[in-house]
Amino acid sequence: MSILAEKNIFTLNTQNYQYVMGVGADNILHHLHWGRQVPSDDFSVYVYKEQNSNHSALDFMNFEYTPFGSTMYRECAFKCVFADGCRDTVLYYDSFVINANTLTVVLKDPHYGLTVELNYTVYSESDVITRNAVIKNTGADDIVIEKACSAEFSFPGRRNYNIYNSNGTWSGENNIRVQKLKCGTIAYESRKGISGHGNSPYFIVGQDECEDSGKIFFAVLEYSGNFKVAVNKDGFGVTRAVIGVNEFDFSYTLKSGCEFVTPNVHFGYAESLGEMSNTLNSFARKNIFPKQFADEVLPVLYNSWEATGFDIDTQGQKKLADKAKQIGAELFVVDDGWFGERKDDYAGLGDWYVDREKFPNDLTELVEYVNSLGMDFGLWLEPEMVNENSDLFRKHPDWTYHYDTRKASELRHQLVLNLTKPKVHEYVFNCFDELLSKYNIKYIKWDMNRPFSEVGAENLENEKMLWFLHVRSVYDVVDRLKGKYPHVQFEACASGGGRADWGSFRHFDQVWTSDNTDALDRIYIQKGFSLINPTKPMRAWVTDTGNASMDFKCKIAMQGALGIGCNLTKISQEDLQTIKENVKLYKKIRKTVQFGDRFRLMDLDRDELSAVQYVSEDKSESVVFTATPGTRFMHNYFNIFLKGLEKDKKYILDFGDKKVIKTGAYLMNVGVEKKYSGKFVSEIWILKRL
Ligand code: GLA
């Protein structure tokens, strides 16, 4: 049984692990255990007594969902203001319901009409549990929520944990940082309106952890807006975390009879970093990706942005399309610059009609041409934005977030549209609707290139709700469009990886990982990405950026969902041929890459070689990518230990120039000895089970 509820103890069992909580004599839901499985009747809830005047009993207890109030001072999961001004919340256990694989524990405030439902959905096979909290106003008066995390967690023992997150920038996403938490709080957050390039909405809390062993507690938040993860180690040595929508400038008015549903958190325990990544990788594939394309491989796309910038027209794009076809692309994408008065980035955003100077015969001519070559057609839009120099802004200057008393801060000469206004939401939907009904478009790249500012939203009674409502509005537009145009794929982009998060994985089919397409930098960005994110949606392009060889660039980009962004009309015949051969190879291996387990075998900084391995779910095929920009100190020999194979089965390992047959046991324990020398060396090996 994956959910047991006996004697006030709730036990959630996944295939290998367990999460336990219980209701104490104090009528509060306590956290009891997270990790390996133990018999559930061993558990009971110990309710502490007051220790001294400075430490009430509450300081010693681990709650499942701590409200602000009473003598509880830790980072709380929930805070609200009741209509009479009371800011103290009490959440007593009320009841529970089990519905299929979901346990709902109902907590209630004894005085006010406030109910908090904690939902836990157990994905047993995946070793993942999904949590959220639903806040309900069952009283007559408004309740103003000031903080509502999706989940709170407590970690076992008193030893220091290592806390992982990324600390990146635009073009430097997924820079993983690990800090030992000895005391106090480590918090990661976004305040920009999107999840952003800096930190990411997840936590990894580990002890003695490495790729092959350790104790690891992890959680990812399914949300693309302002988030906060705070991990605290208190004076008694206990580590706890909260994760959810950021309380920064947040507030949400809950009317009588209404509810606030926090974003989902998917969490689990693993006994190595590799296991954690693969748990999440396969969980996302099976449970998160939008259904339409979840089981299909993503196409090899060509995107003309880096080749042509704003300088686009029918003839130029046709020439690129010819070349894209030659190299084997399946989808041809026209990026920024096709609409309105978009000669540069000073104008046009918001005016989503075709620039007839650039496309005198409308987009139709190009779309038909691309289709006649046997490729699908895709288009870029940045629907949440407007330039001051646009018809849309001239007509509706009040459609942006703004304060009448403040000058709007422009970034890249653009402003953010207030998508919480129903009219703006409808406008955005209708722009897409017109384009998708008129042209044979199979893919949309949804971009978002600047953070919010001057966050006034005069349409809202409580303006601080805008952060949350904006994100919901974006998801709603995409979901509505997907409903109406189920054959269209969507990609989430925000100046590269500013929206590459689990909220996007739920609503979009793929994400743009980073504007940084330098192959060497990409080794790090993709490795950081792989820690907590699934492989399939990770778009990776080969472009003209950087000084790596073309083959090297291809072999790095082939480790995700391959795209090509080079100026194909300018590169040498030899490079064109290299891309073509790699695209051909990619099509053979992409199912294993996009759907397989993934192992970070070797690290460029530590081992002077990057080695990443993918293994198909049935373990019959595996692909290994090795890459080094150049070895140093005459270190030319590398021993690469494979992973994830069946130890008793034989595999034929195809290096390209020679083949060997070995057992999985040999390949994993003795490994493969390889000699590499020279600059920008990269290889792909394919293994097939015999
Ligand atoms: C952003 C995206 C790029 C490209 C440009 C177009 O920077 O990340 O891929 O689409 O916008 O303006």
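Every number for a ligand or one of its atoms is a count from 1 in the order of the listing. Heads up: numbering here begins at 1 and tracks the sequence.
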Any residue meeting ring-ring contact (aromatic ring centres under 6.0 Å, His included) with Phe490, in chain and number order, not counting sequence neighbours: none
With respect to atom 6 (C) of ligand 1, which of Asp335, Asp345, Asn449 exhibits the smallest heavy-atom separation? Asp335
Would you mind running through ligand 1 and noting each atom that sits below 4.0 Å from a heavy atom of Cys493? 2 (C), 8 (O)
Run the ring-ring contact (aromatic ring centres under 6.0 Å, His included) test against Tyr403 and tell me which residues pass, sequence neighbours left out. none
Closest protein heavy atom (residue, atom, distance) for atom 7 (O) of ligand 1: Asp515 OD2, 3.0 Å
Think Arg522 forms a cation-pi with Trp512, using NZ or CZ under 6.0 Å from the six-ring centre and within 45 degrees of its axis? yes
For Lys445, the ligand 1 atoms with a heavy-atom partner under 4.0 Å come out as 3 (C), 4 (C), 9 (O), 10 (O)
In the protein, which heavy atom is nearest to atom 12 (O) of ligand 1, and how far is it? Asp336 OD2, 2.6 Å
Hey, does Phe310 come in under 3.5 Å of ligand 1, counting only N/O atoms on both sides? no
Is it the case that more than 12 heavy atoms not belonging to Lys580 sit under 6.0 Å from its NZ atom? no
Is there a side chain to side chain contact (heavy atoms under 4.5 Å, CB included) between Asn264 and Tyr223 once you walk through the steps? CA-CA 8 Å; Asn264 288 333; Tyr223 189 59; over 6 Å; no
Considering only heavy atoms of Trp512, which atoms of ligand 1 have at least one such atom less than 4.0 Å away? 8 (O), 9 (O)
Among Asn303, Leu349, Asp447, whose heavy atom sits nearest atom 2 (C) of ligand 1? Asp447
Within less than 4.0 angstrom of ligand 1, does Arg412 place any heavy atom? yes
Ignoring hydrogens and geometry, is there a side-chain-to-backbone donor-acceptor pair from Glu463 to Ala457 under 3.5 Å? yes
I need the single residue from Asn174, Asp603, Asn516, Asp605 that forms a side-chain hydrogen bond (donor to acceptor under 3.5 Å, both in side chains) with Tyr524. Which is it? Asp605
